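Reading through the structure tokens given below for one structure.
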Amino acid sequence: MCGTCHTFIMSFHEFLKAYFLGFLDYETPKVMVVKNRTLGVIYRGVQFLVITYFIWYVFISQKAYQESETRPESSVYTLMKGSAAHGDQVLDTVEYVRPSEGGDVISTILRQEVTYDQRQGTCAEYFHVANANCTKDSDCVMGELDFNGHGRRTGRCVQYYNYTFKTCEIQTWCPIEEYAVVRMAPLVEAINFTVFIRNSIFFPKFGVQRGNIKDASNKRKMHKYISKCHYDEEKEPYCPNFRLGFIADQARENFSELCKTGGVIGVFINWKCDLDLDPSRCKPTYSFRRLDLRKDQANSGYYYRFAKYYDKDGIESRTLIKAYGIRLDVIVHGYAGKFSPIPTIISTVTAMTSVGICTIICDWIMLTFIDKNEIYSERKFDEVIKESTVAISTELSSIYSFSSNQSDLSDGVAL
């Protein structure tokens, strides 16, 4: 047992000694020519792939020679235009747009559910509210306020309007919305409403500013152009006017369905500017996508409530409106790049260094799969120890070297 321990300790000591002494050794590459066609094809193929990756993807596609900026400063102004006949009424922007002049968010009303002539008073609670149904007054707690209901309970159990069952009486705006609501027809003419979107973007790193409206020689021509144009990716890329029907189609949405439930659509303005090229090529591209979850009925659609207050017979009254519509969220992304020597040098050095991967891969293939008789490994790895030797006289000098030589392995190697 003691002999085994002693042997282990001595072996471990020799290992540590060899490790620490070897840590200070110097390694230098050795050139060895291996005339093996298979290995040569693999080597040149890997070189081709690495060089192609850096030239095509890194330099051409990703433009690694440029200094870039991805967080520009942006300003958005929106305006809705159009009018529509709804029954005997003609609606303008004041009626259906919220807000009438907006920033990066604007919405339009497509359908309304209206509750007329509400007044402060007491009436029956909606029967779908928790614990609202009752048979006697003791079922209703006076002063109780249900945040999912419509008001504060009076402690009385009353008949639910014209129905035979009863619910708890509440103090609120009466009659309640669920009982007296009037559902209006959708505003289908809104498909032709026009949204004006003005966007300006500034890249502070390069001091470059751009806008999405086409420059004109004077303001009169510009206003004339804006009043008549409609956006088209090919023909009118600088026109800031978008039809609601066009936006819905680009977002792959049915406009009739949006009139029923409402929805939130994102208008994405993407700026990708190569400042090494002509400034006219720095123009925005637009994309549109539905943002609310259509599959989740509880979270889909878009609606909000507001009221119009007035005095009727000396009593404050209101008309409650539940409005369904399209909300447009304008989201701006920007990228600008310009040639700079520093990223160019870094990318070039990285490319040149990565070519060394080819040698590592081929060495591994050669020593693992081809070098069956360990002929290559004997030639590739030499250990040179400084010791006294007998110099070989030559006409020029005395040479005795093992470290940096060139071997040609072509004959006598079974491949």
Side-chain angles (χ1 to χ4, degrees), residues 27 29-74 199-212 231-235 237-238 250-252 266-291 329-370 380:
E27 297 178 358
K30 177 181 179 180
V31 178
M32 184 173 66
V33 178
V34 179
K35 293 189 175 181
N36 184 301
R37 182 168 297 179
T38 302
L39 194 61
V41 170
I42 295 174
Y43 179 65
R44 297 305 178 188
V46 176
Q47 269 189 335
F48 175 78
L49 292 176
V50 172
I51 294 173
T52 302
Y53 166 79
F54 276 95
I55 292 177
W56 177 78
Y57 181 77
V58 176
F59 285 96
I60 297 178
S61 178
Q62 297 299 314
K63 293 181 172 57
Y65 57 86
Q66 291 184 334
E67 185 180 10
S68 63
E69 183 174 14
T70 58
R71 301 187 65 180
E73 300 170 358
S74 175
N199 174 228
S200 59
I201 194 168
F202 177 66
F203 297 97
K205 182 182 289 186
F206 305 114
V208 175
Q209 187 171 9
R210 293 288 184 269
N212 68 327
Y231 174 79
D232 184 272
E233 185 176 359
E234 298 296 333
K235 299 178 180 179
Y238 284 102
Q250 293 296 308
R252 299 181 180 179
V267 179
F268 297 89
I269 305 178
N270 303 290
W271 294 84
K272 190 172 183 180
C273 300
D274 187 347
L275 302 180
D276 295 327
L277 304 177
D278 188 87
S280 62
R281 297 197 179 189
C282 180
K283 58 185 179 180
T285 57
Y286 299 87
S287 58
F288 308 87
R289 181 168 57 86
R290 180 81 175 264
L291 297 181
D329 290 4
V330 183
I331 303 169
V332 181
H333 298 292
Y335 171 89
K338 191 174 184 180
F339 174 79
S340 177
I342 295 177
T344 303
I345 293 172
I346 294 175
S347 300
T348 304
V349 172
T350 303
M352 295 175 64
T353 305
S354 299
V355 176
I357 297 176
C358 308
T359 303
I360 297 174
I361 294 175
C362 290
D363 281 352
W364 176 73
I365 294 174
M366 178 184 67
L367 298 175
T368 304
F369 300 102
I370 299 178
K380 182 171 179 61

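We use all heavy atoms of the structure for the numbers below, so side chains are in, but hydrogens, waters and symmetry mates are not. Everything numeric here is computed off the predicted structure, so don't read it as measured data. Residue indices begin at 1 and follow the sequence shown.
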To the nearest 0.5 Å, what is the distance between [atom1] on [X] and [atom2] on [Y]?
X: Arg281; Y: Leu275; atom1: CZ; atom2: CG; value: 13.0 Å
X: Ile51; Y: Met352; atom1: CD1; atom2: CE; value: 10.5 Å
X: Gln209; Y: Ser200; atom1: CD; atom2: OG; value: 5.5 Å
X: Glu233; Y: Lys283; atom1: CD; atom2: NZ; value: 8.5 Å
X: Ser340; Y: Gln66; atom1: OG; atom2: CD; value: 9.5 Å
X: Asp329; Y: Phe268; atom1: CG; atom2: CZ; value: 8.5 Å

Test side chain to side chain contact (heavy atoms under 4.5 Å, CB included) applied to Tyr286 and Asn270, step by step = CA-CA 6 Å; Tyr286 299 87; Asn270 303 290; over 6 Å; no

Quick check: closest heavy atoms across [X] and [Y], and the distance to 0.1 Å?
X: Tyr335; Y: Thr70; value: CD1-CG2, 3.6 Å
X: Tyr238; Y: Gly211; value: CE2-O, 4.2 Å
X: Val46; Y: Cys358; value: CG1-SG, 3.6 Å
X: Ile365; Y: Leu39; value: CG2-CD1, 4.2 Å
X: Ile346; Y: Thr350; value: O-OG1, 2.7 Å

query = Going through the checks in order, is the side chain to side chain contact (heavy atoms under 4.5 Å, CB included) test met by Ile201 and Glu73?
reply = CA-CA 6 Å; Ile201 194 168; Glu73 300 170 358; over 6 Å; no

When you compare the side chain of [Y] with that of [X], does any pair of heavy atoms fall below 4.5 Å?
X: Ile331; Y: Ile269; answer: no
X: Lys205; Y: Glu67; answer: yes
X: Phe54; Y: Thr348; answer: no
X: Glu69; Y: Pro204; answer: yes
X: Ser74; Y: Asn199; answer: yes

task = In sequence, state the C-alpha distance, the side-chain angles, and the governing distance for Trp271 and Asn212, and then conclude on side chain to side chain donor-acceptor pair (under 3.5 Å).
result = CA-CA 10 Å; Trp271 294 84; Asn212 68 327; over 6 Å; no

task = Begin from the C-alpha positions of Val208 and Phe202 and carry the test side chain to side chain contact (heavy atoms under 4.5 Å, CB included) through to its verdict.
result = CA-CA 6 Å; Val208 175; Phe202 177 66; 6.0 Å; no

task = Flag yes if more than 12 heavy atoms outside Leu277 fall under 6.0 Å of its CG atom; otherwise flag no.
result = yes

inquiry  = Would you say that more than 12 heavy atoms from the other residues, nucleotides or ligands in this model lie under 6.0 Å from the CZ of Phe339, or not?
reply    =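 Counting neighbours around CZ of Phe339, more than 12 heavy atoms of other residues, nucleotides or ligands fall under 6.0 Å, so yes.
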
task = Take Asp274 and Cys282 through the side chain to side chain contact (heavy atoms under 4.5 Å, CB included) test and state the conclusion after the steps.
result = CA-CA 7 Å; Asp274 187 347; Cys282 180; over 6 Å; no

ask   = How about Tyr65 and Phe59: are their ring centroids closer than 6.0 Å?
value =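 No, the ring of Tyr65 stays outside the 6.0 Å limit from the ring of Phe59, centre to centre.
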
task = List in chain and number order the residues that pass disulfide (SG to SG under 2.5 Å) with Cys362, two or more places apart in sequence or in another chain; answer none if no residue qualifies.
result = none

